[in-house]
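Data block below; observations after.
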Amino acid sequence: MTQTANFGKAVRIGLIAGVVALSVSAIGMVQSFDVRDIITGVLTLGQLLLFGAALLAGYFSWQKGEGVAPLGVVLRGLTAGLLTAVPVIALIFLTIAWPGIRTSFVNVSPALIEILTFGQEPVTGSLILLAVMGVLGVLGAAFDMLPQRIQKPLLYGLLWTLCIGLLSEILLLILRPYAPRGLLSFLFGAKGITPVTAVLIFILATVGSAWWAAQGQGAMQQRRATMSPSTATQLRRLNIGLLIIFILMLPIIMGTYLTEVANIVGTFILMGLGLNIVVGFAGLLDLGYVAFFAIGAYVMGLLTTEGHLGIGGLSFWTALPFSVLAATTAGIILGIPVLRMRGDYLAIVTLGFGEIIRVLVVSDLLKPYIGGAQGILQIGRPQIGSFVFVQPQHFYYLILAGCLLAAFVSWRFRDARLGRQWMALREDEDVAEAMGIRLVSTKLMAFATGAAFSGLAGAIFAARLSSIFPHSFNLLISINVLSLIIVGGLGSLPGVVVGALVLVGLPELLREFAEYRMLLYGALLIVTMLLRPEGLWPSPIRRRELHEAEEMAHRHDDELEEASSLA
Amino acid sequence: MSPRFKEIDFIGVFLWLFRAVIIVLVIYGTVAKLFLGVGNTYSASTWLDFFISGLSQGSLYALIALGYTMVYGVLFMINFAHGEFFMSGAVTSTVLVATYLSASGFLDSNPLLGLLLITAVSILTAIGISLLTERIAYRPLRRAPRLVPLITAIGASFFWQYFFRGLFGSALIPFPVPAVLQGRISIFGLEFLRTRVVVMATTVLALIFLSLFIQRTKTGKAIRAVAEDKDVAALMGINVDRTISITFAIGASMAGIAGVLWGLVFRQVHFYMGFVPGIKAFTAAVFGGIGSIPGAALGGLLLGVIEAVGPPLFLEGLGLTGAHQLKDVIAFTMLVLVLIFRPQGLIGEKLAEKKA
């Protein structure tokens, strides 16, 4: 009985994976990701998507800990892997039966079919696909039969190889000035790492992590335990010092293009720190956050531009406080009407505010004052003495200073009375009020601080690009910022940085992502909430809370079971 | 007097001022337009045209709003992705059915059958997407804090938008309108655009069908029971998860119908078309009183009319340039005002305030 039931699982998982593989092919992800090689001539990112589906299908094809015999495991993995291939093969033959398919499904192109069939005839190609996916399914299923000791190093080896392969273009960009050309052409192919490098990295990472698990980690912990407190502090200071030097040196190492990317990431970190206060600390879901970014940018633009819209013709530094002040005031003014709202209604109202501001900015009504769709041009550059900020590298330090300031303020606020009031508010508004917390001023402080950071980010953004257009301030920015703080970990300061690196930095580097960015954000938001609601780098308090609730639930279940068994 | 009281007074005064300013602006604009002759002058039939186009737009909002209101009724959550159900139905049925029916001439020779076929595909797609979304993004989070399903809903919304963009491309897709429905028709001596008549008639039919379904059938009873109290409903032998899925499916089928009607009126569909109508329909649902079905219908119609009549009436009266561009501002301002001043809506229960 149970045997067939388990096969049912393999079939179900295989079909789900197949539909997923079919979908990523049909929406064009496979094809547009295929231009990025991970291992030159062997594996592309597009293929990884397809094969990953089969591998995962194999891994989840059997119920762990049910004493399934090895042969059964292999068979289940095979079933799941083969079934993953079936919908994709159906797509291949559909294109033959219905040549006009592309007028409806724009991304089902001959190029896609060539990728799916490995450049072979449909029948041969389908058989190869079937075979590859079947093998991958078996591998995925067999993975869990390995001893724990081997599993982890293997996984790390695989992940390291894939990561380095994915980022090879950037590594090459960084290494080019330093390493000899012969070595580089040996290590890197046209758009990925060479197979030899892949094998090398895989072995290194696997052995390394096996050694770390067996020896290193224990030794390290032991050494740390026996260390005197003063040495420990010194070591920590040394680490922080090295980190600061590294961050300061980054623009010199990275070159112009990567610094530009770092600047974009930095702008999002700055906004993320602001929204983190509003959403992460105070629990007020704000979907109109881009409005403050826009206000900061527009005030900076109007005050410093040399064009016909300019007022005042101030310098960057004189205009900066006005931008931040304007954003803060807007934060308070928009905050007052929504004070009595909670949760989802608040989210929708702030979304409405954001949209009102967007429509007003592009309308003819305000065009004489803020330029309408043409935006503001010739915005003044920051200047210290005779030194003018022009290069991305110069702005890097400006943005870094802004981020450090925001991080410092957030960190001090978090541990101050105000921060604890915010968190109390987040947990339960009524209880917080009963404990004597003044809702009005506490909430307004959160809105004001968040808006101030966003205004600062906007002001620097305007100066960096030296021209701004209304379409840069759409709702997607709000959603980007919200996604990055949620994926990074709500209420966690390092989480903001990690979130921005992953959600903003990676797509900027891998340009193929551009079209699928929002799709992946959407999926990430759902997956994060389902599997890891505390985020990638959670704040300790939140992790404890979330896990406490889990433990409580477990304990509760246990008690219930006990009670029922007693009865 | 304690400091807290002062704060409340300050906020209260601010809100009263806010209210007063809006009311004064609207009255001033209307008076200026109608009696002082500011801006263009319109004939009576143009005003009627504004009103009718508002009504037909409003019926579309009403159809979409039903989905928000029903889901809110059973789950107390804003299904942010509902606009995407509407979009998915419209886009899929246009690309896969309408285009081919029109190319083969079937749509012109058999308009009723053709439109029914298109609508069926639209409804089925919307239901499929809604059930998938509910199963993956909402059901596992039934007991999670309230913000969590809202975040997954936002995620689902963007996921579906860009999924359909990938599937059918980012271009505007023309929706073929059958020859019979082009042009105007005269009823009681008044001229109406034919598509608008179809929209209003279909909406009325759908509303009647829905209220009969909710009031008379066993499933409708189950939905009402689940909305009242999930735990007790479960004790009465109602399958709560299934009932919630059915609620999503009904809301999605209304959105699917709205998708085809939208195509008829605007003659084009697009992957991004679900977003703004979604928010406006939510506004309509809240305006009428979220959780109430007649409320959603009333709210939708009112919102459509205000949005259509508002810009020429009081915005032009205020002497604003480009008043027609500010249609969305009116809708969103209404959303903000309703949520601030009357979260329970026009005919909603007091309950909404507690939950808000």
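First the proteins, then the strands, lettered A, B, ... as listed; each starts at 1. Keep in mind the model is a prediction, meaning the values are calculated, not measured. As a basis for the values below, the full set of heavy atoms in this structure was taken, side chains included, without hydrogen atoms, waters or symmetry mates.
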**Message:** I'd like to check Leu524(A) versus Phe158(B) (side-chain heavy atoms, cut-off strictly below 4.5 Å). Are they in contact?
**Reply:** no

**Prompt:** Just wondering, do Leu351(A) and Phe282(B) contact through their side chains at under 4.5 Å, heavy atoms?
**Reply:**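 Side chain of Phe282(B) against side chain of Leu351(A), heavy atoms only: no contact under 4.5 Å found.
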
What are the two closest non-hydrogen atoms of [X] and [Y], and how far apart are they?
{"X": "Val106(A)", "Y": "Gly169(B)", "value": "CG2-N, 3.3 Å"}
{"X": "Asn107(A)", "Y": "Gly166(B)", "value": "ND2-O, 2.5 Å"}
{"X": "Ser104(A)", "Y": "Leu96(B)", "value": "CB-CD2, 3.9 Å"}
{"X": "Phe163(B)", "Y": "Ile27(A)", "value": "O-CG2, 3.4 Å"}
{"X": "Glu515(A)", "Y": "Tyr162(B)", "value": "O-CD2, 4.0 Å"}

If I measure from the heavy atoms of chain A, does [X] come under 4.5 Å with its side chain, its backbone, both, or neither?
{"X": "Ser170(B)", "answer": "neither"}
{"X": "Leu141(B)", "answer": "side chain"}
{"X": "Tyr100(B)", "answer": "side chain"}
{"X": "Ile279(B)", "answer": "side chain"}
{"X": "Ile78(B)", "answer": "both"}

**Message:** Looking only at heavy atoms and a cut-off of under 4.5 Å, which of Ala26(A), Pro337(A), Gly28(A) has the most pairs with chain B?
**Reply:** Pro337(A)

**Fill in**
Counting heavy-atom pairs under 4.5 Å with chain B, the top scorer among Tyr516(A), Tyr521(A), Trp98(A) is Trp98(A)

Counting only heavy atoms closer than 4.5 Å, note whether [X] contacts chain B via side chain, backbone, both or neither.
{"X": "Leu346(A)", "value": "neither"}
{"X": "Ala523(A)", "value": "both"}
{"X": "Ile486(A)", "value": "side chain"}

**Item:** Options Val336(B), Thr99(B), Ile173(B), ranked by heavy-atom pairs under 4.5 Å with chain A, top entry
**Value:**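 Answer, by heavy-atom pair count under 4.5 Å with chain A: Val336(B).
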
For the [atom1] atom of [X] and the [atom2] atom of [Y], what is their distance to the nearest 0.5 Å?
{"X": "Leu530(A)", "Y": "Tyr138(B)", "atom1": "CG", "atom2": "OH", "value": "11.5 Å"}
{"X": "Ile151(B)", "Y": "Ile526(A)", "atom1": "CD1", "atom2": "CD1", "value": "11.5 Å"}
{"X": "Met529(A)", "Y": "Thr152(B)", "atom1": "CE", "atom2": "OG1", "value": "8.0 Å"}

**Item:** Worked check of side-chain contact (heavy atoms from CB on, under 4.5 Å) between Ile336(A) and Phe18(B)
**Value:** CA-CA 11 Å; Ile336(A) 291 175; Phe18(B) 193 51; over 6 Å; no

**Asked** Given Leu150(B), which of Leu285(A), Ile348(A), Leu287(A) fulfils the side chain to side chain contact (heavy atoms under 4.5 Å, CB included) condition?
**Response** Leu285(A)

